[in-house]
Amino acid sequence: MDKEKKQYILHYAVSTLGGFFGGYAIFNHCDLFGNAQTANLIHIVCKVFSADFTGLIFLIGALVVYILGNVIYVLIKRFVKADVRVISLIICSAAITVIGIFPNISNHYLAILPILFVTPILWNAFRTAGEYVTSPIFSTNNLRVATISTVNYFFDKDKNQQTKAKFYWLTIASFHAGVAMACTASVFFGASSIWFGFINVLLGIAAYFNEAGLHMQFVRKIFLSR
């Protein structure tokens, strides 16, 4: 398997984690989408016009935390030598742990703050796969590109467009597999279902090892040491 295909697999694996975070937040916390800020920013304006200043405070807090996640990514990228992709998965694990310890916080905005913090880090760390720019934490642009590439292939029979469409459709499918996993776990375990997110983290770690070829180095080390 060539390196580009391994990068695709890594992106699919990480997209299941992005989908899990999104599904968990929406299912357990009043339809709040913790992966992005579009709806949050709209709600900020709506709260101003409805004079709901208590709700406004929580929305601004959520916005600040999301911005902070982007700031932390830049600082990691500039000052930490380790692969930012690995660090992002570690931070995601920390977020899952924090939510798991305090799963029943009554304020829904406070409950998803760890998700608001880690998802921009995850997005920035895994914003490319091979030659494609993509997102593992939401599907709007992925759906746009998948649709356009599919239609272009229909008319032009361009194999590059076919490959592109396949990648983006599989990214969307992977994301929603994570959403389905979060919803299924939430039905049985409620807010405590966040712990199942570690399955997605482990998928990401395994795919990272595969992409980096570290699994083969590990196998060689075991057999050469005997």
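The same ILVMFWY cluster, assembled from side-chain heavy atoms under 4.5 Å apart, contains both W195 and V187. Cluster annotation: V71 is connected to V74 through the hydrophobic network of ILVMFWY side chains, with a link wherever side-chain heavy atoms come within less than 4.5 Å. Under a hydrophobic-cluster definition in which Ile, Leu, Val, Met, Phe, Trp and Tyr are linked whenever side-chain heavy atoms come within less than 4.5 Å, directly or via other members, V179 and L143 are assigned to different clusters. No chain of hydrophobic side-chain contacts below 4.5 Å, direct or via other Ile, Leu, Val, Met, Phe, Trp or Tyr residues, connects L59 to V45. If you chain together hydrophobic residues whose side chains sit under 4.5 Å apart, I72 and V80 fall into the same group.
With sequence neighbours excluded, the residues forming a side-chain hydrogen bond (donor to acceptor under 3.5 Å, both in side chains) with N28 are S186, listed by chain and number. The ring-ring contact (aromatic ring centres under 6.0 Å, His included) check on F196 picks up F189, with sequence neighbours excluded. Scanning for side-chain hydrogen bond (donor to acceptor under 3.5 Å, both in side chains) contacts around N70 gives N124, with sequence neighbours left out. Among residues two or more places apart in sequence or in another chain, the ring-ring contact (aromatic ring centres under 6.0 Å, His included) test is passed with F138 by W123. Listed by chain and number, the residues in a side chain to side chain contact (heavy atoms under 4.5 Å, CB included) with V65 are L113, L116, F117 (sequence neighbours excluded). Partners of D83 under the side chain to side chain contact (heavy atoms under 4.5 Å, CB included) rule, at least two apart in sequence or in another chain, are R85, V86, Y208. Applying the side chain to side chain contact (heavy atoms under 4.5 Å, CB included) test to S174 and every residue at least two apart in sequence or in another chain returns Y12, S15, T16. With sequence neighbours left out, the side-chain hydrogen bond (donor to acceptor under 3.5 Å, both in side chains) criterion links K47 to D52. Partners of F155 by side chain to side chain contact (heavy atoms under 4.5 Å, CB included), not counting sequence neighbours, listed by chain and number: V151.
A pairwise comparison of heavy atoms in A25 and I115 identifies CB-CD1, 4.2 Å as the closest pair. Heavy atoms only, all atoms of each residue included: P136 and F175 are closest at O-CD1, 3.6 Å. For the pair L10 and A207, the tightest heavy-atom approach, listed with the atom from each and the gap, is CA-CB, 3.6 Å. Between A182 and F20, the shortest heavy-atom contact is CB-O, 3.4 Å. The nearest pair of heavy atoms linking G34 to I112 is CA-CD1, 4.0 Å.
To the nearest 0.5 Å, the span separating CD1 on I121 from CD1 on I90 amounts to 11.5 Å. Taking CD1 from I205 and OG from S93, the interatomic distance works out to 6.0 Å, rounded to the nearest 0.5 Å. In this structure, CG in L89 is found 6.5 Å from CG in L122, a value given to the nearest 0.5 Å. The CD atom of E131 sits 10.5 Å away from atom CD of Q7, with the distance rounded to the nearest 0.5 Å. The distance from atom CG of D31 to atom CD1 of I26, rounded to the nearest 0.5 Å, is 6.5 Å. Atoms OH and SG, from Y24 and C183 in turn, are 12.0 Å apart once rounded to the nearest 0.5 Å.
Side-chain polar atoms of T134 and N142 form a donor-acceptor pair below 3.5 angstrom.
In this structure, F126 and I137 have side chains that are not in contact, with every pair of non-hydrogen atoms separated by 4.5 Å or more. Side-chain contact between I199 and M181: present, with at least one pair of heavy atoms (C-beta onward) separated by less than 4.5 Å. Looking at F27 and S193, their side chains never come closer than 4.5 Å, going by heavy atoms from C-beta outward. At least one side-chain heavy atom of H176 sits under 4.5 Å from a side-chain heavy atom of S139.
Applying the ring pair (Phe, Tyr, Trp, His ring centres under 6.0 Å) test to residues at least two apart or on different chains, none of the pairs has a partner in residues 56-78.
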Can you list the steps and then say if L75 with R78 is a side chain to side chain contact (heavy atoms under 4.5 Å, CB included)? CA-CA 5 Å; L75 295 177; R78 284 180 173 270; 5.6 Å; no

T163 and Y153: side chain to side chain contact (heavy atoms under 4.5 Å, CB included), yes or no, with the steps? CA-CA 9 Å; T163 301; Y153 174 70; over 6 Å; no

For side chain to side chain contact (heavy atoms under 4.5 Å, CB included), just list the numbers for F198 and I96, CA-CA rounded to whole Å, side-chain angles, deciding distance to a tenth of an Å, and then say yes or no. CA-CA 7 Å; F198 276 113; I96 290 170; 3.4 Å; yes

How far apart are the C-alpha atoms of L203 and L17, what are their side-chain angles, what is the distance that settles it, and do they pass the side chain to side chain contact (heavy atoms under 4.5 Å, CB included) test? CA-CA 9 Å; L203 286 174; L17 179 57; over 6 Å; no

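For the side-chain hydrogen bond (donor to acceptor under 3.5 Å, both in side chains) with Y8, the lone residue among H11, E4, K6 that qualifies is E4.
Not a single donor-acceptor pair under 3.5 Å links the side chain of N210 to the backbone N or O of A206. Using modelled atom types, no side-chain atom of Q161 and backbone atom of N152 make a donor-acceptor pair closer than 3.5 Å.
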List the atom pairs, with distances to 0.1 Å, where a side-chain N or O of residues 99-110 and a protein N or O form a donor-acceptor pair under 3.5 Å, not counting sequence neighbours.
unit_1, atom_1, unit_2, atom_2, d
N107, OD1, Y109, N, 3.0
N107, OD1, L110, N, 3.0
H108, ND1, H29, ND1, 3.0

Pairs under 3.5 angstrom only: tabulate donor-acceptor contacts from the side chains of residues 165-172 to other protein residues two or more places apart or in another chain.
unit_1, atom_1, unit_2, atom_2, d
Y168, OH, V133, O, 2.6
W169, NE1, T150, OG1, 2.8
T171, OG1, F167, O, 2.9

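For the pair K157 and F154, the cation sits on the ring face: its NZ or CZ lies under 6.0 Å from the ring centre, inside 45° of the axis.
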